[in-house]
Amino acid sequence: MTGVRCPRGAPFPWAFGAALADQALVSGCAFLLSILLLRGAGPEGYGVFVLSWAAVTFLSALHQALVIAPVLTRLPKKSVEEGARMEGAYVVVHLGFVLLAGVALGTAAGFLGGDAAELAFPLAAAGAAFLAQDGARRMLFARARAVRALAVDALAYGGQVAAAGLLGGAGAARPAAVLWVTAASFGGAAVWALALLRPVVGGGRDAAAALRENWSFSRWMLATAAAQWFSGTLFLVVAGSVLGTAAAGVVRAAQNLVGATHVIFLALENHLPVRAAAILAREGRRAMLSYVGRVARRVGSVVVLYLAAVGAAPSFWMELAYGPDLASHGHVLAWFAALYGLVFAGTLLRFVARTLEETALCFRGSLLAGAAGAAAVFPLAGRWGVTGVLVALTLAQAAAAASLAAGIWKALR
């Protein structure tokens, strides 16, 4: 079956290279933003921003499960006509989700009161704009239009960092101000991306039909997204509540430095599921697994080399990026460098499970990770501080990877 605008013969280096360039831009700008906030507002101000943005990452995870994952995984398996109808329906779902997310963010922040209430309006605007742009850019990738997605991201992320840089120069790089410039840059980019898509948008009935058709796939992805967010964000929340917001800022700052690997992970997210799904539909499981194995060997060598370089001199990199105040936290970065090899393996396993449409395996792995993390993080954080948080995070990642590997092995037998 012919996929929708998915190039059948595009070689891996070229197709993946386009996605990699885009993610280099996205992750590089995110890293620059963290530096601007850390230097302008300090670890405590940056911790406030990170904890407030955690609500957006939760909604983004749900959005990924309900809209993006079905588009990237199932669209390449459709005929051109079926795919066009499905895509148009999911644009309607996407925009409806964005509207509800903005309302939910503003309402929740206002209800909490205090510092959160002050961020209610800018957080709602920035979160909705971010989700609108992220969904549209990923649909461009599903159409194999990586160059257009790159241009859209350049406007969104480049505009955000440039404006934050101007705020920093004026001594005004505070969370609320950065959220407002995020709303402006991502909102403009979202409008442009939707104009580039030119989808054949159907009515509410088409959107409801698309949701029903893909519910067996999406329901487990939704549960997985909630469990993954809980297991991932739990550690930042515990660090902030038990050890203070500065500790949450240190943990995120160290994670940002190994976050260069997210350039690769997110590029794979935009490329590998689409290609793997098309290969599975045309050539079967053996060919799909062979393709994933080739990607793992090529990309894994780059990941390992980078993590080894970071882990060899962690204090140097912390001081170089954030200044002398964070140099004493090099051990946190060294731990993340070791942990991210496990994160890479778990990422590939989730892609395989999604391609096989065994999404219940993703949920079970994330649920096990959340349970293991929740059971370990509070006692370990109280005993060993930030190191205890990192130990609990490692246990959670190991539990998820083991569960996924066992489930995939059973499904393939």
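What you are looking at is a predicted structure, and each value in this text was computed from that prediction instead of being measured.
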Within the 4.5 Å heavy-atom criterion, are [X] and [Y] side-chain neighbours or not?
X	Y	answer
Asp134	Phe186	no
Met288	Leu356	yes
Leu33	Tyr157	no
Phe344	Thr261	no
Val303	Tyr340	no
Leu333	Val310	yes
His63	Leu59	no
Val251	Leu393	no

For a quick test of reading the model, state the closest non-hydrogen atom pair linking [X] to [Y] and the distance between them.
X	Y	result
Cys362	Arg354	SG-CG, 4.4 Å
Ala189	Gln133	CB-CG, 3.8 Å
Ala401	Leu342	CB-CD1, 4.2 Å
Ala183	Ala129	O-CB, 3.6 Å
Trp317	Ala309	NE1-O, 3.3 Å
Ala136	Ala193	CB-CB, 3.5 Å

Using modelled atom types only, decide if a donor and an acceptor are shared between the side chain of [X] and the backbone of [Y] within a distance under 3.5 Å.
X	Y	value
Ser60	Val56	no
Thr355	Ala277	no
Thr57	Ala54	yes
Ser403	Ala399	no
Tyr322	Ala253	yes

Would you call the rings of His329 and His331 parallel, tilted or perpendicular, taking 30° and 60° as the class edges?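 Tilted, since the angle between the ring planes falls between 30° and 60°.
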Between [atom1] of [X] and [atom2] of [Y], what distance do you get to the nearest 0.5 Å?
X	Y	atom1	atom2	value
Leu272	Arg350	CG	CZ	12.5 Å
Leu123	Thr182	CG	OG1	10.0 Å
Leu140	Leu150	CG	CG	11.0 Å
Leu179	Gln160	CG	CD	9.0 Å

Self-check item: side-chain contact (heavy atoms from CB on, under 4.5 Å) assessment of Leu194 paired with Leu95
Solution: CA-CA 10 Å; Leu194 289 170; Leu95 294 177; 3.9 Å; yes
Margin query: Quick one, Met318 with Leu257, criterion side-chain contact (heavy atoms from CB on, under 4.5 Å). Give me CA distance, side-chain angles, the key distance, then yes/no.
Written below: CA-CA 8 Å; Met318 289 288 280; Leu257 283 176; 3.6 Å; yes
*Thr387 and Trp335: side-chain donor and acceptor closer than 3.5 Å?*
no
Check: Would one find more than 12 heavy atoms of other residues, nucleotides or ligands at under 6.0 Å from atom CH2 of Trp53?
Finding: yes
- Which is it for Phe351 and Val292 under the side-chain contact (heavy atoms from CB on, under 4.5 Å) test, yes or no, and what are the steps along the way? CA-CA 9 Å; Phe351 290 157; Val292 173; over 6 Å; no
Side chain to side chain contact (heavy atoms under 4.5 Å, CB included) test vs Leu390 passes for just one of Val332, Leu380, Leu339, namely Val332
* Of Val98, Leu62, Leu105, which is the lone residue that meets side chain to side chain contact (heavy atoms under 4.5 Å, CB included) with Leu131? ->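 Single side chain to side chain contact (heavy atoms under 4.5 Å, CB included) partner of Leu131 among Val98, Leu62, Leu105: Val98.
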